[in-house]
Amino acid sequence: MNGMWVLMSTDRLWTLQELADFLGVPTQSIYQMNWKGTGPRSYKVGRHRRYDPRDVRQWLETRSSDTGGGR
């Protein structure tokens, strides 16, 4: 089985609106990140773009401002 597609039965892909709500940003920001290629990985499902919550969390980890200093 291809590990990329192993989702738990309780997991599901997020919509653009759900991603914006999770991040606390306007949907326009998500559109801009998609256009610039700077946002989390997404999948085209028909005419819609969907986001795996695990990819979103992983993407967030790469944007941490915590440099390991004594904060």
Side-chain angles (χ1 to χ4, degrees):
M1 176 181 272
N2 185 343
M4 186 173 114
W5 296 109
V6 177
L7 285 174
M8 303 305 281
S9 60
T10 57
D11 289 343
R12 65 176 189 77
L13 299 177
W14 289 349
T15 65
L16 185 134
Q17 182 64 57
E18 289 170 325
L19 175 61
D21 291 343
F22 176 78
L23 295 176
V25 299
T27 55
Q28 188 59 36
S29 295
I30 306 299
Y31 284 118
Q32 287 176 0
M33 285 189 285
N34 287 337
W35 185 75
K36 293 177 183 178
T38 60
R41 181 167 62 169
S42 63
Y43 303 91
K44 283 291 276 186
V45 180
R47 297 181 344 184
H48 307 281
R49 194 168 294 277
R50 296 292 184 255
Y51 304 85
D52 186 328
R54 294 172 301 179
D55 290 339
V56 173
R57 288 181 178 92
Q58 192 173 40
W59 172 79
L60 278 175
E61 285 294 320
T62 67
R63 271 131 189 89
S64 172
S65 62
D66 181 10
T67 60
R71 269 182 126 179

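If you're wondering where the values come from, they're calculated on a predicted model, not measured in any experiment.
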Student: Quick check: closest heavy atoms across Y51 and S42, and the distance to 0.1 Å?
Tutor: CE2-CB, 3.4 Å
Student: Which heavy atom of T38 sits nearest to which heavy atom of R63, and what is that distance?
Tutor: O-NH2, 3.4 Å
Student: For the NZ atom on K36, are there more than 12 heavy atoms of other groups (residues, nucleotides or ligands in this structure) within a distance under 6.0 Å?
Tutor: no
Student: Counting heavy atoms not belonging to Q32, are there more than 12 under 6.0 Å from its CD?
Tutor: yes
Student: Once side chain to side chain donor-acceptor pair (under 3.5 Å) is applied, what residue pairs with a partner in residues 17-28 remain, sequence neighbours excluded?
Tutor: R12-E18, T15-E18, Q17-D21
Student: Measuring from L23:CG to I30:CD1, what's the distance to the nearest 0.5 Å?
Tutor: 5.0 Å
Student: Check each of D52, T62, V56 against P40 using the side chain to side chain contact (heavy atoms under 4.5 Å, CB included) test, and report the only one that passes.
Tutor: V56
Student: Please check if L13 and L19 belong to a single hydrophobic cluster, counting links between Ile, Leu, Val, Met, Phe, Trp and Tyr side chain heavy atoms closer than 4.5 Å.
Tutor: no
Student: The criterion is side-chain hydrogen bond (donor to acceptor under 3.5 Å, both in side chains); which residues satisfy it with E61, sequence neighbours excluded?
Tutor: none
Student: Which residue pairs satisfy the ring-ring contact (aromatic ring centres under 6.0 Å, His included) criterion with at least one member in residues 21-40, sequence neighbours excluded?
Tutor: W14-F22
